[in-house]
Visitor: 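Here you go, one structure.
Keep in mind that what you see is a predicted model, and the values were worked out from it rather than measured. Residue numbers begin at 1 in each chain, while the letters A, B, ... track the order of the sequences.
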Number of protein chains: 2
Amino acid sequence: MGVRKAKAAETEAALKAAARREFAERGYLNTKITDITAAAGRATGSFYEHFASKEDLLRALLADMHAQAGDQLASGDHPPHDLTDPLQLRAHIQVAWNVMRENRSVMAAQFESVLAAGPASGALWDRLTEDTEMFRRHLEYLGDSDRPLPGDPALVAAAMGGMMSMLAYALTPGDTRYPAAEIVETISRLLLYGLTGPPALRPADGAGR
Amino acid sequence: MGVRKAKAAETEAALKAAARREFAERGYLNTKITDITAAAGRATGSFYEHFASKEDLLRALLADMHAQAGDQLASGDHPPHDLTDPLQLRAHIQVAWNVMRENRSVMAAQFESVLAAGPASGALWDRLTEDTEMFRRHLEYLGDSDRPLPGDPALVAAAMGGMMSMLAYALTPGDTRYPAAEIVETISRLLLYGLTGPPALRPADGAGR
DNA sequence: GTCTATATACAGATAGAC
DNA sequence: GTCTATCTGTATATAGAC
């Protein structure tokens, strides 16, 4: 790689890093191109040498994220396919939660971008179903094994993903209220047994007050 | 009420109605003041005679909604406080779902507005906890009765509300994929028993394949 | 109170020098 | 490739006539 190209790559990386910081702080929609260039210590005009628009930059950030997240998911090589097994469910929730939190600013940015498409567009549903495809496949596997599902696999998967992404977005990272372990544990328990809790702990009929 | 005041009230109502339509179509952030006034058949300048800003208008719409939703919740006079009872849980989900869907455009607008405050602000969490206060109280009641909860009541309530509001926003109203009854049923079952399903239907240990 | 016309402000994007 | 300076489009909000 030549020196010129290296410098260009450096600038591009600086812009991306700055964008991540700015998105995390002000949000995607509120971040101006000039905010990014200023934070990266570059001039406004330089931005367009690397990205056609803010949306184009977001696409690049998403590509980076997917490349990295793909590694995580593949490397984990997680035990196959029984979401009703406590350990396996928790492992899935854990991985999904980690990915969401490590890429919170980019995922939030994508969320804002999708939102800007308007409520009538159905873009949010498309995103939700795509991002929860893994859950859906696991649920379909359960259904094939004649296990009772709460409903259509795609809908249940969307419900699970929607819950998690909403929490990931709502709970600001530096938050002291809930440590990550507690959140993962709570989500896992809720999705595993619901509000009634594990069978063993349920009061026998008539025994509850 | 005098004629002049009546005319003014009429214009204000027309602006509100137009805003609801435009918000539903384009989304809150994408809707321009001129979109609203044009849809209402009024001039741009008239807007500011009634509302100080788009945000101010949103506040008015939210006030209307809360007044109306308060009626619904109070009139229902729902059976008190056992979310582990299938009928009671389903009734709560049903009411919450109806409120969300009947006011989808306004709730979505508020959502976008909160989002615009930026991810670091924590505004989304505040909104989520406020809107799920009822769930939280019901869960605390369960905890007081020594029933096992999946986690901290406020967190579980937020998870429930987050799931529902995300689905309410993602599933566009005219959607044919899932009828309202199916959605309510699926959410209820998932929150009641989780992915493992009701105890009676669970395969005995070792019996599953 | 409502209208038309306009001022203000600012974000996105480009031109041209270096 | 990067910079400074600038153009363009557009949304908000106001001024002033009716």
Visitor: When the side chains of residues 167-174 of chain B are checked against the rest of the protein, which donor-acceptor pairs come out under 3.5 Å, sequence neighbours left out?
Guide:
| from | atom 1 | to | atom 2 | distance (Å) |
| --- | --- | --- | --- | --- |
| B:Tyr169 | OH | B:Glu112 | OE2 | 3.2 |

Visitor: Could you identify which residues of residues 29-37 of chain A place a heavy atom less than 4.0 Å from some atom of DNA chain C, listed by residue number, or say none?
Guide: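 Those residues whose heavy atoms fall under 4.0 Å from DNA chain C, taken from residues 29-37 of chain A in numerical order, are A:Lys32, A:Ile33.
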Visitor: Between the side chain of A:Lys16 and the main-chain N/O of A:Ala60, is any donor-acceptor distance below 3.5 Å?
Guide: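 No; zero donor-acceptor contacts below 3.5 Å.
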Visitor: Between atom CG in B:Leu15 and atom C1' in C:dG1, what is the gap in whole Å?
Guide: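 Spelled out: CG on B:Leu15 to C1' on C:dG1 is 12 Å.
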Visitor: A:Thr196 side chain to B:Leu192 main-chain N or O, any donor-acceptor pair under 3.5 Å?
Guide: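 Yes: the side chain of A:Thr196 pairs with the backbone of B:Leu192.
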Visitor: Please enumerate all residues that pass side-chain hydrogen bond (donor to acceptor under 3.5 Å, both in side chains) together with A:Glu55, with sequence neighbours excluded.
Guide: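 Partners of A:Glu55 under the side-chain hydrogen bond (donor to acceptor under 3.5 Å, both in side chains) test: A:Arg59.
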Visitor: Under 4.0 Å from any atom of DNA chain C, heavy atoms only: list the residues of residues 42-50 of chain A that qualify, in numerical order.
Guide: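 Only A:Gly45, A:Tyr48 qualify.
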Visitor: Using atom types as modelled and distance alone, determine if a side-chain donor or acceptor of B:Arg177 lies under 3.5 Å from a backbone N or O of B:Asp175.
Guide: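 Flag not set: sc B:Arg177 to bb B:Asp175 has no pair under 3.5 Å.
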Visitor: To the nearest Å, how far apart are B:Asp56 CG and D:dT12 P?
Guide: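 Roughly 14 Å, once rounded to whole Å.
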Visitor: Run the salt-bridge test on B:Glu22 and B:Lys32 with the 4.0 Å N-O cut-off and return the result as yes or no.
Guide: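 Between B:Lys32 and B:Glu22 there is no salt bridge, as every charged N stays at least 4.0 Å from the carboxylate O atoms.
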Visitor: Can you pull out every ring pair (Phe, Tyr, Trp, His ring centres under 6.0 Å) where at least one residue sits in residues 11-38 of chain A? Sequence neighbours excluded, please.
Guide: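 Counting only pairs at least two positions apart or across chains, the ring pair (Phe, Tyr, Trp, His ring centres under 6.0 Å) contacts touching residues 11-38 of chain A are A:Phe23-A:Tyr28.
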Visitor: Could you tell me, to 10°, how much the axis swings from one end of the helix from C:dG1-D:dC18 to C:dC18-D:dG1 to the other, five pairs per end?
Guide: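 Between the axes fitted at each end of the helix from C:dG1-D:dC18 to C:dC18-D:dG1 lies an angle of 10°.
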Visitor: For a quick check under 3.5 Å, do B:Arg136 and B:Thr129 share a side-chain donor-acceptor pair by atom type?
Guide: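 Judged by distance alone, the side chains do not pair up.
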Visitor: Looking at A:Arg137 and A:Glu133, is any side-chain nitrogen of the basic one under 4.0 Å from a carboxylate oxygen of the acidic one?
Guide: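 A salt bridge links A:Glu133 with A:Arg137.
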Visitor: State whether A:Arg127 and A:Glu130 are salt-bridged, where the test is any N-O pair (Lys NZ or Arg NE/NH1/NH2 against Asp/Glu carboxylate O) under 4.0 Å.
Guide: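 Looking at A:Arg127 and A:Glu130, the cut-off is met.
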